[in-house]
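Written out below as C-alpha cells is the structure these notes cover.
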Amino acid sequence: MAFTDLVKFNKKSTTFIFIGGKGGVGKTTVSAATALWCARMNKKTLIISTDPAHSLGDSFDRIIKHVPTPITQNLEAIEIDPDKAMEEYKEKMNQQQKYNDALSMFSDQFDIMSSSPGIDEVASFEKFMEYMNSEEYDVVIFDTAPTGHTLRLLSFPEMMDSWMGKLIQTRTQLGQMANKLKNIIPFMGSDEENQEEMEELNRTKEQILRAREVLTDSKRTSFKTVLIPEEMSIYESSRAMDALHKCNMSTDGIIVNKIQPDNNHCEFCKARREIQEKRLETIKETFGNQIIAEIPLQSHEVRGIDQLYEICDLLYGSDPGNGPIAL
C-alpha cells in the first residue's frame, strides 16, 4: 500500500485531512506539499492553517488572508484570523436571533469565549462547520496547531453537544415558566416564539452532531501525523494518537521528517544517523499498523512552490496518473 492510497477522494462529498504533530516537526511543509499534490490530481483543494502562529504563508512564500487566497490552479489557502472568525460567527448569530432568550445566552457565551484562551480552536471548528456540507471543495486540508491545540479542536463536538444540551434544557425550563406567567406578565413570549427558539437550538445541536459524524467517518476524514526521529516526538505522537482513537478519529499515516542522510565522511552526521536508525525502529514498532513515509533532511529551508513540489514528489510521486481513484 502506497502513501497515496491514504488520500481518499469522494465523488459527492468533501474529503477532510488533518495533519498534525509536535511543534517544529514540519507539519506546515507536509500540509502544503499534500495540498499541492491534491491540486495536481485535479481536485479543488483548500488548505486552512489553524495555528495561531501561522507559517503557511511563509511556506508558500505568499501573503495568505482570512478568506480563500489563490495559490496555484485548483488550490486556495486560508490563515484563520480568530478575531475576524468570531466576528463572523457573532454576526451570523445576530442575523438568526429574532428573539432574545436562548440565542442571546448562546451569543453571550461566545462574547466571553472571544476574549478567552482557546478562541483559535473555536474559530477553527467554525471553519470546519462552514465547509462540512458546502461541497465547494473536493479536499480541505487542515494544517493544525501543535498537538494540544489540535486535540482541543477535535474534542469540540463533544463539548458543544453537552453545552447545547444544557442550553436546550434551560430554554425548556424558561418556556415552562413563561407559560405559567404569560397571563400575568403581558410581554412574555408567545408559544410560537418559544417554539421557533427551540427549533433554532435543535438545528444547531443537529449540526454539531453532524460535525461529530463527519469527523469520525474514516471515508471522509483522516488524521496524518508528522514526527521526527527523536524520542520526545515519538512519545507525544503516540499519546496524541491514543487521544484521537478515543474520539473515534481515523489515524492512518505517519510522516517521518528530517531523516539524516548516510554520510560516513562526517563523524557527527554518522553518529546522528545511528541514533535516528534506532528511533526509526521504535517508530516502526510503535506505529507498525500505519503506512509510514520518510522525508530526508533537506540541505536548504523548504520555502516556495518549487521546493514544496520536491517534498510533494518525495511523498506522493511525480506522476499524477499514480493517484487514487475517486470512491
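Just so it is clear, the structure is predicted and the values come from calculations on it, not from any experiment.
Side-chain contact annotation: Asn74 with Thr45, donor-acceptor N/O pair under 3.5 Å absent.
Residues meeting the side-chain contact (heavy atoms from CB on, under 4.5 Å) test with Ala33, sequence neighbours left out: Ile311, Cys312. Ser49 pairs by the side-chain hydrogen bond (donor to acceptor under 3.5 Å, both in side chains) definition with His54, not counting sequence neighbours. Not counting sequence neighbours, Glu310 has no partner by the salt bridge (charged side-chain N to carboxylate O under 4.0 Å, His left out) test. Taking Glu230 as the reference, Ile228, Arg272 meet the side-chain contact (heavy atoms from CB on, under 4.5 Å) condition, with sequence neighbours excluded. Tyr131 pairs by the ring-ring contact (aromatic ring centres under 6.0 Å, His included) definition with Tyr137, not counting sequence neighbours. Asp262 meets the salt bridge (charged side-chain N to carboxylate O under 4.0 Å, His left out) test with Arg273; sequence neighbours excluded. Residues satisfying the salt bridge (charged side-chain N to carboxylate O under 4.0 Å, His left out) test with Glu136, not counting sequence neighbours, are none. Evaluation of the salt bridge (charged side-chain N to carboxylate O under 4.0 Å, His left out) rule for Asp61 yields Arg303 as partners, not counting sequence neighbours. Here Arg210 pairs with Met132, Asn133, Glu213, Val214, Arg220 under the side-chain contact (heavy atoms from CB on, under 4.5 Å) rule; sequence neighbours left out. Applying the side-chain hydrogen bond (donor to acceptor under 3.5 Å, both in side chains) rule to Lys127 yields the partners Glu130; only residues at least two apart in sequence or on another chain are considered.
With hydrogens and angles disregarded, a donor-acceptor distance shorter than 3.5 Å links the side chain of His66 to the backbone of Asp81. Side-chain atoms of Thr225 never come within 3.5 Å of backbone atoms of Phe223 as a donor-acceptor pair (strictly under, hydrogens ignored). Lys27 places a side-chain N or O within donor-acceptor distance of the main-chain N or O of Lys22, the cut-off being under 3.5 Å. For the pair Asp51 (side chain) and Asp143 (backbone), a donor-acceptor distance under 3.5 Å is absent.
Of all heavy-atom pairs spanning Cys266 and Cys269, the tightest one is SG-SG, 2.7 Å. Of all heavy-atom pairs spanning Ala32 and Leu56, the tightest one is CB-CD1, 4.3 Å. The nearest pair of heavy atoms linking Thr216 to Cys247 is CG2-O, 3.3 Å. Of all heavy-atom pairs spanning Thr251 and Met241, the tightest one is OG1-CG, 3.5 Å.
The distance from atom CE of Met129 to atom OG of Ser134, rounded to the nearest 0.5 Å, is 13.0 Å. The line from NZ of Lys11 to CD of Glu135 is 14.5 Å long, rounded to the nearest 0.5 Å. Leu75 CG to Thr72 OG1: the interatomic distance, rounded to the nearest 0.5 Å, is 4.0 Å. With values rounded to the nearest 0.5 angstrom, Leu36 atom CG is found 11.0 Å from Ser31 atom OG. The distance from atom NZ of Lys219 to atom OG of Ser13, rounded to the nearest 0.5 Å, is 10.0 Å. With rounding to the nearest 0.5 Å, the separation of CG in Leu227 from CG in Asn257 is 9.0 Å.
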* To do: Apply side chain to side chain contact (heavy atoms under 4.5 Å, CB included) to the pair Leu46 and Val139, showing each step before the final yes or no.
  => CA-CA 6 Å; Leu46 176 67; Val139 186; over 6 Å; no
In sequence, state the C-alpha distance, the side-chain angles, and the governing distance for Ile71 and Ile64, and then conclude on side chain to side chain contact (heavy atoms under 4.5 Å, CB included). CA-CA 9 Å; Ile71 302 297; Ile64 296 177; 4.2 Å; yes
Evaluate Ser55 against Thr28 for side chain to side chain donor-acceptor pair (under 3.5 Å), listing each step before the verdict. CA-CA 7 Å; Ser55 58; Thr28 298; 3.1 Å; yes
Check your understanding: Between Cys38 and Phe9, is a side chain to side chain contact (heavy atoms under 4.5 Å, CB included) present by the stated rule, with each step listed?
Key -> CA-CA 9 Å; Cys38 290; Phe9 300 130; 4.0 Å; yes
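Within a 6.0 Å radius of NE2 in His265, no more than 12 heavy atoms belonging to other residues, nucleotides or ligands are found.
The only option from Ile141, Thr144, Val140 that meets the side chain to side chain contact (heavy atoms under 4.5 Å, CB included) definition with Ile48 turns out to be Val140.
Looking at heavy atoms from C-beta onward, Thr15 lies out of side-chain contact with Asp138 at the 4.5 angstrom threshold. The closest side-chain heavy-atom distance from Ile78 to Ile47 is not below 4.5 Å. Under the 4.5 Å side-chain criterion, counting only non-hydrogen atoms from C-beta, Leu215 is not in contact with Asn248. A 4.5 Å side-chain heavy-atom check between Thr221 and Phe18 finds at least one atom pair inside the cut-off.
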Side-chain atoms of residues 286-299: list all donor-acceptor pairs with protein atoms under 3.5 Å, sequence neighbours left out, distances to 0.1 Å.
unit_1	atom_1	unit_2	atom_2	d
Thr286	OG1	Thr282	O	2.7
Gln290	OE1	Asp252	N	3.2
Gln290	OE1	Gly253	N	3.0
Gln298	NE2	Pro296	O	2.8

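Residues Arg40 and Asp313 are paired through a salt bridge, judged by an N-O separation under 4.0 Å between the basic side chain and the carboxylate.
Taking the six-membered ring where the residue is Trp, Phe128 and Phe142 present tilted rings, their angle falling between 30° and 60°.
The salt bridge (Lys or Arg N to Asp or Glu O under 4.0 Å) contacts involving residues 65-79 comprise nothing, where partners must be two or more places apart or lie in separate chains.
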